[in-house]
Structure formats: structure tokens, C-alpha cells
Novice: 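Structure incoming, see below.
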2 protein chains.
Amino acid sequence: MAAIGAMPEIGGFRQKSRRSFVTLILTVLTSSQSILIVWSKRAGKYEYSVTTANFLVEALKCALSLVALLRIWRKDGVTDDNRLSTTWDEVKVYPIPAALYLVKNLLQAGLYCFLYYIFAYVDAPGYQILKNLNIISTGILYQIILKRKLTEIQWAAFILLCAGCTTAQLNPSSDHVLQAPLQGWVMAIVMALLSGFAGVYTEAIIKKRPSRNINVQNFWLYVFGMIFNAFAIMTQDFDAVMNDGFFHGYSLITVLMILNHALSGIAVSMVMKYADNIVKVYSTSVAMLLTAVVSVFLFGFHLSLAFFLGSTVVSVAIYLHSTSKARR
Amino acid sequence: MAAIGAMPEIGGFRQKSRRSFVTLILTVLTSSQSILIVWSKRAGKYEYSVTTANFLVEALKCALSLVALLRIWRKDGVTDDNRLSTTWDEVKVYPIPAALYLVKNLLQAGLYCFLYYIFAYVDAPGYQILKNLNIISTGILYQIILKRKLTEIQWAAFILLCAGCTTAQLNPSSDHVLQAPLQGWVMAIVMALLSGFAGVYTEAIIKKRPSRNINVQNFWLYVFGMIFNAFAIMTQDFDAVMNDGFFHGYSLITVLMILNHALSGIAVSMVMKYADNIVKVYSTSVAMLLTAVVSVFLFGFHLSLAFFLGSTVVSVAIYLHSTSKARR
């Protein structure tokens, strides 16, 4: 892991605008993802099996990476950096993020059920609030694993981002979170650490060889994603798939959600290649606020005073992060 | 006003520790003030006339300033800086803060009634939330009138202070504030500007002659405070005082509140002499959080998640303000 240094600053402007572009795309995709989820909830309950959808997302990402590679090979020819074939030494770490994400998804479902059934939370808002612990865990693991130092001002900004996002999501039942028992907190913290670790580890893998084409790196990441999700189908939904078919319960929204998840996943990889996990966290936080604003127009939601206060704090956090130079 | 420059840094350490001391005293006094108010509300309704209490506060501050001056005269003798006699040129601006505070108090009572009767707010939490506009108005007027520049980071910290204090005070009925009509907002903004102007103007008067003894400056400020409050008694409570007596309805809590207000008033003057309005705003904000924590033990209040989030944001604001050097 010690081999991961700063990316060489070749073509500083091009790199900077590419970074801004992928961050913008990620923000828009994440925001529309949440809107699709609200839409699908309004349309009715999930009828399809989540594991098959997850598998299709990985397969689609794999296919899109291959299409991108075909275009690159036609244009530039096959080089050491963009060839698909790989060594054991390069590929051996690729299953780890896929495995971490699977464990995290299982735990996430577990925590959701835990909060939902034990506390009879409607829509589990406590769960949404606990998810903001991800922000802090990502910051800590980013420093430890990637050995990049956040300045004190950047840490202050990160704490504000977490507090601001949580404030923006406050609702009358939020205070229940404070009464959550120890197990709930432990599960939430473990989940946050897993999620943060998966993200930071993926960045470490992708940044380890900066000249390596991102589409090849994505291809291998997604191949293992497919394998792990195939395993999840077999252990969890084998009977349902056998009896009702793979595509049972799929609708237009399901297809749009799969498409969106696939594109978001690729955008996340791009952000990790050209920016970092810190930028990713800011991007998804802004997406959360954007979703709320768009929902006002789409679904007639109301914005609370807490939302305005949280948005103000998040805006100041972004300002502080952007004006403070990273000591790397 | 252009004559107001930075205080000469004589005995930097002594000055710094004096500044910290008066700030700490102000924080503790402001916090205990709020606790006395909660206590007096629990004990029953106000029975005494508020104008007589305000007059006694000014008289007590006047007397305390004189006692302090007597001790100084006995120790150091009478000098140009600590003599009580004054010129028209020095004293002509002293009635202005007293007049501003009186207008502000009248408007404040007006806004409170407005919010209370028009919106039927219980305890007018909207009023508490609108009061946080003071923070922003103080920052703006501090820059304009005292011609001292806050750095960008200090402004970011100030916006966070305002957002954090408001977040800490959020409660289920806070969202009503967003539906307040234009008149309510205009009144709140005018009040915030008046309050900010009175504070900044007092600082300007006190800092105009840095070597002048603070007790003499206070004495003259409070003399005009007494005059204006005597005027308020005569216009508002003349009949009540004539019929029931000056001290009708006074209790132990009333006496404690008058004592506390007098000491807080002197502490505010000291903070303005040795620090500034920005420090005063931070001090009263911390006092607000302190009051809530102490109320948990004293009155069995519950702290909400919003309180923790707001306190976190306020803490980061204090950190940012203290690490960022003022460009003066």
C-alpha cells in the first residue's frame, strides 16, 4: 500500500476539468438514483429479487467497460496499460472490494430490519441518519490506508459535512436514534467502517497503477462483482428465480434503476481514479440535498427549516474544503 | 468613527488573560441569567413591573462602577483617565446606546406579542430562532462601523455559529418560522440590526479612548440608562408604581435576576473594552448551549439530536474563529 503516491500532474488543467466532470456526473446520477427509489416506492412494493438486479448491474458495468475498451483498442492499439490480460499479482486484490460490498449489503439489510422491527420505525429515518457515520469513517480510513493527510481545516469541513447532512435529514422522529441500544450503534459503526474501507480500498487498487486504463481496472472489479452476486442469487433467491424466472417482477422503473446503478458505479470508479474518496463523499452529500430540492417539484415534498440549516452548513463545509489546500 | 484603531498591545499576555477572564465571566453570567428566567417561569408569572427592575439594574451598575472607581482613586489617585468629570465632546454619544436599547426592547416586546398572538406560538420558539439573526447583523455592522475586517474563514465561522445556534434550538414547531409573513421577518431584521448597532456603537464609544478607565465610561453609559428607564417607568408603569409601590411583586428570584443582569451588563462592557462584539456573540452563543446542558440536571430537560448537531457546528465555528488570525 506504501506504493500509492500522488498522481503525476500531467496536463493539470485537463485533469482538473476531467475530475470536475466525473464529480458532476456522479452527483447527478446519485441524485436521480434516490429519485428513482422514491418513485418506485410510490409505484408500489419491490416485486423483483434484489439479488438478480444487483447481478445485472455488475454485468452491465462489465459490458460497458468492454465497449469502452474496444473503442480505445481501435483508436490507440493494444498497449501494456490497456490490455485486458492481467497477472495474478495485479488481480489478486480485486475480489476484496466486491466481498466487502456484499458483506456490507447483508449487514445493511440486517441493520435496516433491526431498526425497523425492534423500534417500529416508519421508513427507518434513524437508519438514514446513522448512515452519515460513513462520512467520518471514510475520512479516518482515507488517512490511515491511503496515507494522505487531511489538513485541520479539511477535517473541520468533514465534521461539518457529517453534521450538516444529518441536520438536513432531521425529522420529528429523529430523536429516537439517541435511544438506540448499544447493538444498533455497534452495527451502524461496523457498517460505516466496512463501507468506508471498501471505498478507500478500491481507491488504493485503482491508484496503485496510475497509468493502467480505468476500463481494464473496472472490468476486473466488476467480474468479481458478478461472481459474488451470482453467489448471492444462489444462496438467497435460488428457488424464487427457478420458479418465477430471473426477470420476474421487472418493470420500467426496475430497468431504469439498474441502468442508473450501473452508470453511477462507473462514475464512482472514475471519481476514485481521477479524484478521491473525499470528493466522492462530498458528491454524494450534495446529491442528497439536490434530491430533496428536486423532490419538492416532483413529489410536492416540503423543505424544513432543518434542511435549510443543514444545507448552509454543508455549503460552508464545501467552501472550507475547496479553499484549504490539501497537504499531500 | 475613523479614529478607532487597534488597541496598543501593551502587556500582550496580561491583556489576553484579562480578555479570556471577562469572556468566561460573561458566558457564565449569561447562562445563569437564562437559568434564572426558566426558574422564575416555573415559580409563576412575573408579578413585578419590568421597567422598575430595568431601572434598578442600571442604578446598580452605576453604583458598582462608582465603588470600583473609589478603590482606584484611593490606590492610584485621580488622573485624567480615571476622573469622573467629563466634557460635552466625550459624553454626547453616551445616550445613543441607551436610547437604542430602549427602542430595541420596545420592538422586541412588540415582535414577541406579534408572534405570540398572530401565530399562537407557545413560548414563541420562532422568536428565539429569529433572534439568531443578531449574529449576522453584528458581523456586518462590526465590519462597517468599526472598520475591522473579518477574514473569509471568520465569516464562514460566523455563518456556522448562526446556523449551529439555530439548529441547537430546533423543535417540532420551528418550521412555522418559514411560514412567517413578511412583516414578521422585517420586524426581526430591524430588531437584529438595532441590537447589532447598539452593541457595535457601544464598542466604538468605549474603544474611542483606550486609556480612559472603563468604570468612568460605564458610569456615564449607565447614568443615561437610568434616565431612559426612568422615562419608561413614567410612560408605561406610572399608575402601577403609584398604586402598588415600586417594589410590588419582588421576590428572591427578582432580586437575583437584577443582580445577575447588572453583573452581566458590566461584563459585556468589559468584553467590549478588552475584546470585541464578535467575542461577545460567541460568548452568548456558548452560554445558550451551556444553559441547555445545565437545564438537563436542574430541570430534567432532554437534549435533542438537533442540539448535539448544533453544538458540534458551534464548536467547529469556535475552532475556525480561533485558529484564523484576524486581519486588522
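The sequence lines fix the lettering, A, B, ..., with proteins before strands; numbering per chain opens at 1.
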Novice: With side chains defined as the heavy atoms from C-beta onward, is the minimum distance between B:Leu320 and A:Leu320 less than 4.5 Å?
Specialist: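 B:Leu320 vs A:Leu320: side chains touch.
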Novice: Between A:Thr312 and chain B, with a heavy-atom cut-off of 4.5 Å, which part of the residue counts as in contact: side chain, backbone, both or neither?
Specialist: side chain
Novice: Between B:Thr167 and chain A, which part of the residue has a heavy atom less than 4.5 Å away: side chain, backbone, both or neither?
Specialist: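 Both backbone and side chain.
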Novice: Calculate, to the nearest 0.5 Å, the distance between atoms CD1 and OG belonging to A:Ile153 and B:Ser324 respectively.
Specialist: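 Interatomic distance, A:Ile153 CD1 to B:Ser324 OG, rounded to 0.5 Å: 7.5 Å.
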Novice: Is there a side-chain contact between B:Leu170 and A:Leu309, using heavy atoms and a 4.5 Å cut-off?
Specialist: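 Counting from C-beta outward, B:Leu170 and A:Leu309 do come under 4.5 Å.
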Novice: Check each atom of B:Val313 against the heavy atoms of chain A and say whether the ones under 4.5 Å are side chain, backbone, both or neither.
Specialist: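 Its backbone and side chain both get close to chain A.
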